[in-house]
Amino acid sequence: MKLINYIRNENMKIYKRKRTWVLIALVAVFVILQIINVRAGDGGTAAADWRSQLEQENHRLAEEAAEPDALQIEIRQAEKNILLNEYSLQHNLPPETNAWSFAGDLSGNIIFAVSLISIIIAGEIAAAEFVSGTIKLLLTRSASRTEVYTAKYIAALLFGLGLTLLGLLLSLLFGGIMFGWGGLGDSYMYVRDHTVHQTPMLLSILGSYLFHLPFLLISVTLAFMISAGFRSPIFAIVIPLFVSVAGFVISIAMNGWTWTRFFIFSHSDLSGYFLGDPAVKGMTLGFSLAFIGLHLAVMHLLSHTLFVKRDVS
């Protein structure tokens, strides 16, 4: 019960700041920008000549995949899109966007944006209090440093999870307004082992968000580790932002390379185990979960040790 009160107190401190609400509003702006991007492309509706468009797209994808400088991720993605397009042509399924497909396709981008925003909160939740001296007020109470540490970390995580839920709801709301609410009964198509499979749309949406959460967990924990161990909030925000963005880009650009099985951000998207293929052939879900758990444990070991030994004088 005491820990719950500490978590509630940390949440109050987060949400009473005006800049927190500005950060929350950025999620809505991000979703709107994604809608504009879709509308500027195919508009979200199938054209009358959609079959010829898919055939032309397949031809273009095949040419791009055959380029000598094509990355492995580009080749694999092209092969998957070709299979999906051929499946749509064979079963007369015109490509259309609705609220449900829009929310599902946006899951990875939502988690990425939410993670960067959450880094700002996690990066200052401890460091800012050491700088201002308000950490003394917490430590003079009956709370132990471990309880304060745990409450701050959970509050930072809850902020990120809440923002993720908000992004999902906004993508459904705005997507429904712009593209319509139909399609919930449709199946989500994905490629696994060079074969097109189907799963219920709602299940795929929930799974997509759940399987991308490791990126949020890793980014927030990294920011919190630096925040708990050092006095500079700026340092605790800038470094995790850089590492997260760089890790995200590298994990995509180097997708499929054998060495990436030992790169933590290559395990930040688990959707390949359920809605596709693993990033590296032979890699298992158990290995990814253990690898993530090891990194989180090391970060907490370092940050907790530094936090409990820091001087607050």
Side-chain angles (χ1 to χ4, degrees), residues 1-24 27 111 114-166 209-210 213-241 243-244 264 267-268 289-313:
M1 181 61 69
K2 191 164 60 172
L3 180 60
I4 295 177
N5 290 332
Y6 295 148
I7 295 173
R8 185 183 298 116
N9 180 58
E10 292 299 330
N11 280 325
M12 290 175 59
K13 288 190 287 186
I14 290 174
Y15 292 104
K16 76 177 184 179
R17 301 167 184 160
K18 292 182 180 179
R19 63 176 176 274
T20 298
W21 295 99
V22 174
L23 294 175
I24 293 174
V27 178
I111 295 293
V114 164
S115 297
L116 299 187
I117 294 174
S118 300
I119 283 174
I120 298 175
I121 298 299
E124 67 177 9
I125 197 168
E129 293 213 44
F130 275 98
V131 171
S132 64
T134 54
I135 192 69
K136 296 180 183 179
L137 299 177
L138 289 174
L139 299 180
T140 53
R141 301 176 184 176
S142 59
S144 67
R145 290 204 179 197
T146 296
E147 289 174 327
V148 173
Y149 174 92
T150 304
K152 287 183 175 295
Y153 178 66
I154 293 177
L157 271 185
L158 289 176
F159 176 82
L161 293 174
L163 220 56
T164 300
L165 179 59
L166 176 64
Y209 280 83
L210 178 63
L213 282 181
F215 185 87
L216 172 66
L217 186 60
I218 294 167
S219 299
V220 168
T221 305
L222 176 61
F224 184 78
M225 178 189 72
I226 300 176
S227 177
F230 300 91
R231 289 185 176 274
S232 173
I234 296 178
F235 183 73
I237 293 172
V238 173
I239 297 301
L241 281 175
V243 171
S244 297
I264 182 59
H267 301 271
S268 61
L289 293 177
F291 200 68
I292 293 172
L294 175 62
H295 278 75
L296 295 180
V298 171
M299 284 191 283
H300 278 299
L301 179 63
L302 291 173
S303 59
H304 181 264
T305 301
L306 291 172
F307 185 81
V308 298
K309 292 184 177 180
R310 286 181 68 172
D311 182 17
V312 296
S313 59

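In this chain, residues are counted from 1 in sequence order.
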Visitor: Less than 3.5 Å apart, which donor and acceptor atoms pair up between the side chains of residues 115-122 and the rest of the protein, not counting sequence neighbours?
Guide:
| unit_1 | atom_1 | unit_2 | atom_2 | d |
| --- | --- | --- | --- | --- |
| S115 | OG | I111 | O | 2.7 |
| S118 | OG | V114 | O | 2.8 |

Visitor: Residues in side chain to side chain contact (heavy atoms under 4.5 Å, CB included) with V238, at least two apart?
Guide: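 Partners of V238 by the side chain to side chain contact (heavy atoms under 4.5 Å, CB included) criterion, ordered by chain and then number, come out as I234.
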Visitor: Which pair of heavy atoms, one from T221 and one from M299, lies closest together, and at what distance?
Guide: CG2-CE, 3.8 Å
Visitor: Going by side chain to side chain donor-acceptor pair (under 3.5 Å), name the residues that satisfy it together with T305, two or more places apart in sequence or in a different chain.
Guide: none
Visitor: Can you sort out the partners of L306 under side chain to side chain contact (heavy atoms under 4.5 Å, CB included), two or more places apart, ordered by chain and number?
Guide: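 Here no residue qualifies.
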Visitor: Under the side chain to side chain donor-acceptor pair (under 3.5 Å) rule, collect the residues that match up with S219, sequence neighbours excluded.
Guide: S244
Visitor: Who passes side chain to side chain contact (heavy atoms under 4.5 Å, CB included) against L161, sequence neighbours left out?
Guide: L213, L216
Visitor: Under the side chain to side chain donor-acceptor pair (under 3.5 Å) rule, collect the residues that match up with H295, sequence neighbours excluded.
Guide: none
Visitor: With rounding to the nearest 0.5 angstrom, report the CD1 to NE2 distance, I264 to H267.
Guide: 6.0 Å
Visitor: Just jot down the ring pair (Phe, Tyr, Trp, His ring centres under 6.0 Å) partners of Y153, sequence neighbours excluded, or say none.
Guide: F224, H300
Visitor: Quick one: list whatever passes side chain to side chain contact (heavy atoms under 4.5 Å, CB included) with P233, sequence neighbours left out.
Guide: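 With neighbours one apart ignored, the set is E124, A127, A128, V131.
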Visitor: Can you name the side chain to side chain donor-acceptor pair (under 3.5 Å) partners of T150, sequence neighbours left out?
Guide: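 For T150, no residue satisfies side chain to side chain donor-acceptor pair (under 3.5 Å) once neighbours in sequence are set aside.
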Visitor: Would you call V308 and Y149 a side-chain contact if the rule is heavy atoms closer than 4.5 Å?
Guide: no
Visitor: State, with a plain yes or no, whether a side-chain heavy atom of T20 is found less than 4.5 Å away from one of F159.
Guide: yes
Visitor: Does K13 reach the side chain of N9, with side-chain heavy atoms less than 4.5 Å apart?
Guide: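 K13 reaches N9 side chain to side chain.
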